[in-house]
Asker: 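Next up is a structure, given as structure tokens.
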Amino acid sequence: MTETTHEPLSKVYNPADVELNMYRFWEGHGYFQPVGDVSRSAFSIVMPPPNVTGQLHLGHAWDLTLQDVIVRFRRMQGYDTVWVPGTDHAGIATQARVEKALQEEEGVSRHDLGRDPFVQRVWAWKEQYGNRITNQVRRLGASCDWSRERFTMDEGLSTAVREVFVRLYERGLIYRGQRIINWCPRCATALSDIEVEHTDVPGHLYYVRYPLVDGDGGVTIATTRPETMFADVAVAVHPDDDRYAAMVGKRLALPLVGREIPVLADAYVDPEYGTGCLKITPAHDPNDFEVGQRHGLDVLQCIGADGRLTELAGPYQGLDREEARRRVVEELRQQGYLVRVEEITHAVGHCSRCDTVVEPLLSMQWFVRMQPLAAPVLAAVADGRLQFVPERFAKVFVHWLENVRDWCISRQLWWGHRIPAWYCDGCGQISVARETVQACPHCGSQQVHQDEDVLDTWFSSALWPFSTLGWPADTEDLRRYYPNSVLVTGYDILFFWVARMAFMGVEFTGEVPFHKVVLHGLIRDAQGRKMSKSLGNGVDPLEVIDQYGADALRFTLTTGSSPGNDQRFYDERVQGSRNFINKVWNAARFVYLNLPPAEGMPEWDPASLTIADRWILTRLAEVVTEVTDHLERYDLGEAGRILYDFTWDEFCDWYIEFTKLSLYGQDEAAKAQTRAVLVTVLDTLLRLLHPFIPFVTERIWETLPVSGEALIRAPWPDATAFVRDEEAVRQIRVVMEAIRAVRNIRADLNVSPGKSVAMSIRCQDAGTEALFQSVEPYLVRFGNLNRVEIGVGIELPGQAMTAVVNGAEIALPLADLVDLAIERERMQRERERLLAEVQRVERKLANAQFVAKAPPHVVEAERAKGAEYRAKLAAVEERLRRLASS
RNA sequence: GCGGCUGUAGCUCAGAGGGAGAGCACCACCUUGACACGGUGGGGGCCACAGGUUCGAUUCCUGUCAGCCGCACCA
């Protein structure tokens, strides 16, 4: 127990007083670690690793909270539960940040420092900032097992990365080759296809005349990138294009440079687009590259890795891409080659990190062959071994995997897993190895050097579900907790991460790394915009926690959306959650303050429960069932909302009010009984709420006289443990209806709450009379009544305000306050309402098809409703007749 | 072009084949011995539109319109 136990509870819940100590209490007692009981089923999750030097943002907070709710729920259900946390080295992002800091603070570049010293600086940076994010994860209340924390560049995971690389290489699934890749000139590295964002931008289509070498004439090509013309090696036309049939095989003189290039035919060309003549630049366009391969064309490069023109561009050498384009267009115009310019919008690839226009660049890179790896994953989706929540994401996932191209995994960075390939200066052979290569295994030369590049960060992330558990070693954790039970992450990294974990998992463990993928959406601002640094509309979760508490943030995030959908985040919603938590707190205070000090768990005699007790216990059992079902289906939002409604409306607004009758009365036995039920309901609610709002529930639970060392380890409630009494539920609804009717009348007539009044209830039958007799004290308390008359045959006062409830008529003879005009209006409104209901029901029941085909219980329910409405309508009409004659 | 999501109260969103819901906002009243981060009462919606399936559709299907997203792109 924490030191705060059994201090009086403050009037308003103050999260700051509780959260830090509570987290230490949990973590210190090892509650986040699996119990290790092998007789129990295992439940495991790995945390999507945040960037080690990053800061927690709301997206993380949401993702982590969902996981924590699931983990706490499973832990309470008795699973041997483990949640493995960790961080990611985030190659480009981290390197860029350290480079920026070095530049700003010391005015040096990474090249000034050199590779090893620079990498050391990044490690130092990681040591400095690496704890920040994990402490932020703690502040959220994440119950992950920190004793198993991993980092993508720690020793074990690096071993896993090498192992995977070597094995894939040996199987021919990793290869090195000259390909057109996406090059970010600013980040100065290759990118994979999914790190490129295609956005529509306005541009120009330039029509340029390429003259024939011999004789007059030529062709006009259309291009958006005239600056690449120095690397043109051909012009292609469609083989069936009659317009240019005669040109095929002729030679053209490249404008400005005069180099000769052939005209050739290739079906890739779309005769409809532009002029139907396509310049072929294999080094600067992936499609052109393929055309070039088909026709055995040279590959010339006129733009280098720095985004500037090469010596091939002659006088344009050294210019950047934009400047070169302007100058080339101008020169073409002056020399009469530019036929016309058309304004177009086209999709241009941008670096997803820095938004620089990506340059398709021919270069030597490492690739993962995707088709053989994707196939078994597709099979796993098809046969249900890998499932998605919501299901619709399976389709997106499958479509992507079916069309995926080979994955470029080499990055021209220094921070990351260096590619385990060594080149021999002697014989030129490549050696890929698990251990550092000292001498070339092919020729024995000591002149070997390792590949300069590192691997895509996602390459190591892809191994996360098993590398964190010790793979490639055959560890106990791996055997027990792999495959993971579920993966929770945002749909935005379905391809980046989920797909890659899936194929790596299948390839290296023979099993999908998790059976279920639960996907959530994105956090947006109050206007529905994505949160971004450039918009400045981001919300810092730590500030939210400081202001409202981690529980309020968690409850907001978990109840704010339905599965797979985005959610908007704004202050009022957090306030609503904070208010709810305060409501729970005060309900607990109420129970606590009404409990005698230092007593054990009170007990009750099921035979003497009040109708209110039986009602709340029945409803509680229903709530346990519903909440459990929703959580099992990973529909956390709905589970949270059910708890919110039940806690506030039924438990606080009604049940607690009902209990005041006995608690403030003289009957000690009844008091004890009420306390027992109150404690039971509160205890159960705290257990159900704990996964959502762990801090406040644990804190409250400490004060309750229930056995157990901590709520986090308490068993999940069992719905069958409670009294079930559907009749009590039905009856309490009638009582509520009557109480609302009284309140309604009082409000309509502006009767001050302090003024007590009399009430008559004319019941339709003895059963209803008995019910109202039994709940008379409730009526008196809630209606502030000074006299109650209940009976079947009683006469209702004429000078009164009335209401019709299920099975009875209610009258409040308010003497001088009675306004028969208002009464008439009320009754007429009620009559119209009931008439509409009666007609609706009767129309249904008159339909022979409905009676014949609808399920019997539905027909029966309609009949019952019809009877109820007709009875009420009759009473209302009778009342209106009397009013007319008075 | 292919695929997907969304359209329900003023706002933000749940919901579900059979009587339209919540929070916030709004109006009126209330210092009732858990809570004003509260209580009570109230107003407010052809559930985007048009067809279809069904005894019955706001819910399922098709189409239209509107907003959004992903994938693929012809230079």
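Keep in mind the model is a prediction, meaning the values are calculated, not measured. Chain identifiers are assigned alphabetically (A, B, ...) following the order of the sequence lines, protein sequences preceding nucleic acid strands; residue numbering begins at 1 within each chain.
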Asker: For B:C65, which nucleotide in any strand shown is its Watson-Crick or wobble partner with both distances under 3.5 Å?
Answerer: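 Partner of B:C65: B:G7.
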Asker: Provide, to the nearest angstrom, the distance between the CD atom belonging to A:Q839 and the P atom belonging to B:G56.
Answerer: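 After rounding, the reported distance stands at 20 Å.
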Asker: In whole Å, what is the span from the NE2 atom of A:H346 to the C1' atom of B:A72?
Answerer: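 The distance from NE2 of A:H346 to C1' of B:A72 comes to 17 Å, rounded to the nearest Å.
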Asker: Please work out if A:R405 contacts a base, only the sugar-phosphate, or nothing of the nucleic acid, heavy-atom cut-off 4.0 Å.
Answerer: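 A:R405: backbone/sugar contact only, no base atoms under 4.0 Å.
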Asker: For A:R863 and B:C55, what is the distance between atoms CZ and C1' respectively, to the nearest whole Å?
Answerer: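 Computing the A:R863:CZ to B:C55:C1' distance gives 14 Å.
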Asker: Taking the ring centre of each residue, are A:F495 and A:F397 less than 6.0 Å apart?
Answerer: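 Not under 6.0 Å, so no.
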Asker: Would you mind checking if A:K872 and A:E868 are paired as a salt bridge, meaning a charged N to carboxylate O distance below 4.0 Å?
Answerer: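 Salt bridge: yes.
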Asker: For every nucleotide of nucleotides 37-48 of chain B, 5' to 3': is a protein heavy atom under 4.0 Å from its base (B), only from its sugar-phosphate (S), or from neither (-)?
Answerer: BSSSSS------
Asker: Who is the Watson-Crick or G-U wobble partner of B:C71, with both distances under 3.5 Å?
Answerer: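 Per the H-bond distance test, B:G1.
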Asker: For residues A:Y268 and A:E290, is any side-chain donor paired with an opposing acceptor at under 3.5 Å?
Answerer: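 Looking only at side-chain atoms, A:E290 and A:Y268 do not form any donor-acceptor pair under 3.5 Å.
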Asker: Tell me what A:D270 touches on the nucleic acid: a base, only sugar-phosphate, or nothing, going by heavy atoms under 4.0 Å.
Answerer: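 Touches a base.
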Asker: Would you mind classifying the nucleic acid contact of A:E860 as base, sugar-phosphate or nothing, using non-hydrogen atoms under 4.0 angstrom?
Answerer: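 Answer is nothing: A:E860 stays at 4.0 Å or more from every strand.
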Asker: Using a 4.0 Å heavy-atom cut-off across all strands, classify A:K660 as base, sugar-phosphate, or nothing.
Answerer: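 Base, at least one base atom sits under 4.0 Å.
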Asker: Counting the atoms with a prime plus P, OP1 and OP2 as sugar-phosphate, which does A:K11 contact under 4.0 Å by heavy atoms, base, sugar-phosphate, or nothing?
Answerer: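 Sugar-phosphate: the residue A:K11, judged by heavy atoms under 4.0 Å, touches backbone atoms but no base.
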Asker: Decide yes or no on ring-ring contact (aromatic ring centres under 6.0 Å, His included) for A:Y210 and A:Y337, but give the supporting numbers first.
Answerer: CA-CA 7 Å; A:Y210 283 20; A:Y337 292 110; 8.2 Å; no
Asker: Report which part of the nucleic acid A:L522 touches: base, sugar-phosphate, or nothing (heavy-atom distance under 4.0 Å, all strands).
Answerer: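 No contact.
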Asker: For A:R746 and B:A28, what is the distance between atoms CZ and C1' respectively, to the nearest whole Å?
Answerer: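 To the nearest whole Å, that distance equals 15 Å.
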Asker: With a 4.0 Å cut-off on heavy atoms, is A:D200 in touch with a base, just the backbone sugar-phosphate, or nothing at all?
Answerer: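 A:D200: base contact, heavy atoms under 4.0 Å.
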Asker: Counting only Watson-Crick or G-U wobble pairs whose two distances fall under 3.5 Å, which nucleotide matches B:A20?
Answerer: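 Base-paired to nothing in any strand shown.
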Asker: Mind checking if A:F495 touches a base, just sugar-phosphate, or nothing, with heavy atoms under 4.0 Å?
Answerer: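 Here A:F495 touches the backbone only, sparing every base.
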Asker: If B:U54 has a Watson-Crick or G-U wobble mate with both distances under 3.5 Å, name it; if not, just say none.
Answerer: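 Looking at the geometry, B:U54 pairs with no nucleotide.
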Asker: How would you summarise protein contacts on nucleotides 2-15 of chain B per nucleotide, using B for base, S for sugar-phosphate only and - for none, with heavy-atom distances below 4.0 Å?
Answerer: -SSS------SSSS
Asker: Base, sugar-phosphate, or nothing: which does A:V591 touch, judged by heavy atoms less than 4.0 Å apart?
Answerer: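 Nothing: the residue A:V591, judged by heavy atoms under 4.0 Å, touches no strand.
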Asker: Can you measure from CZ (A:R840) to NZ (A:K865) and round to the nearest 0.5 angstrom?
Answerer: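 Result: 5.5 Å between the selected atoms.
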Asker: Please give, in whole Å, the distance from B:G18 P to A:L845 CG?
Answerer: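 These atoms are roughly 16 Å apart.
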Asker: Report the distance from atom CD of A:Q849 to atom P of B:U53, rounded to the nearest whole Å.
Answerer: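 In whole Å, B:U53 P and A:Q849 CD are 14 Å from each other.
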Asker: Is there a Watson-Crick or G-U wobble partner for B:G41 with both distances under 3.5 Å, and which nucleotide is it?
Answerer: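 When the pairing criteria are applied, B:C27 turns out to be the nucleotide that pairs with B:G41.
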Asker: Could you tell me how far apart A:L661 (CG) and B:A34 (P) are, to the nearest whole angstrom?
Answerer: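 These atoms are roughly 13 Å apart.
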Asker: For the residue pair A:F555 and A:Y644, does the interplanar ring angle fall in the parallel (under 30°), tilted (30 to 60°) or perpendicular (over 60°) class?
Answerer: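 If you compare the ring of A:F555 with that of A:Y644, the planes turn out parallel.
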Asker: May I have the step-by-step check of side-chain contact (heavy atoms from CB on, under 4.5 Å) for A:L749 and A:M801, ending in yes or no?
Answerer: CA-CA 9 Å; A:L749 291 190; A:M801 303 297 284; 3.2 Å; yes
Asker: Using atom CZ of A:R843 as one end and atom C1' of B:G18 as the other, report the distance to the nearest whole Å.
Answerer: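 My rounded result for the distance is 14 Å.
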Asker: Please check this pair: side chain of A:T275 against backbone of A:C277, looking for a donor-acceptor N/O pair closer than 3.5 Å.
Answerer: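 Checking the backbone N and O of A:C277 against the side chain of A:T275, a donor-acceptor pair under 3.5 Å is found.
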Asker: Could you tell me which nucleotide pairs with B:C35 by Watson-Crick or G-U wobble geometry, both distances under 3.5 Å, or answer none if nothing does?
Answerer: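 Paired with B:C35, as far as the under-3.5 Å criterion goes, is no nucleotide at all.
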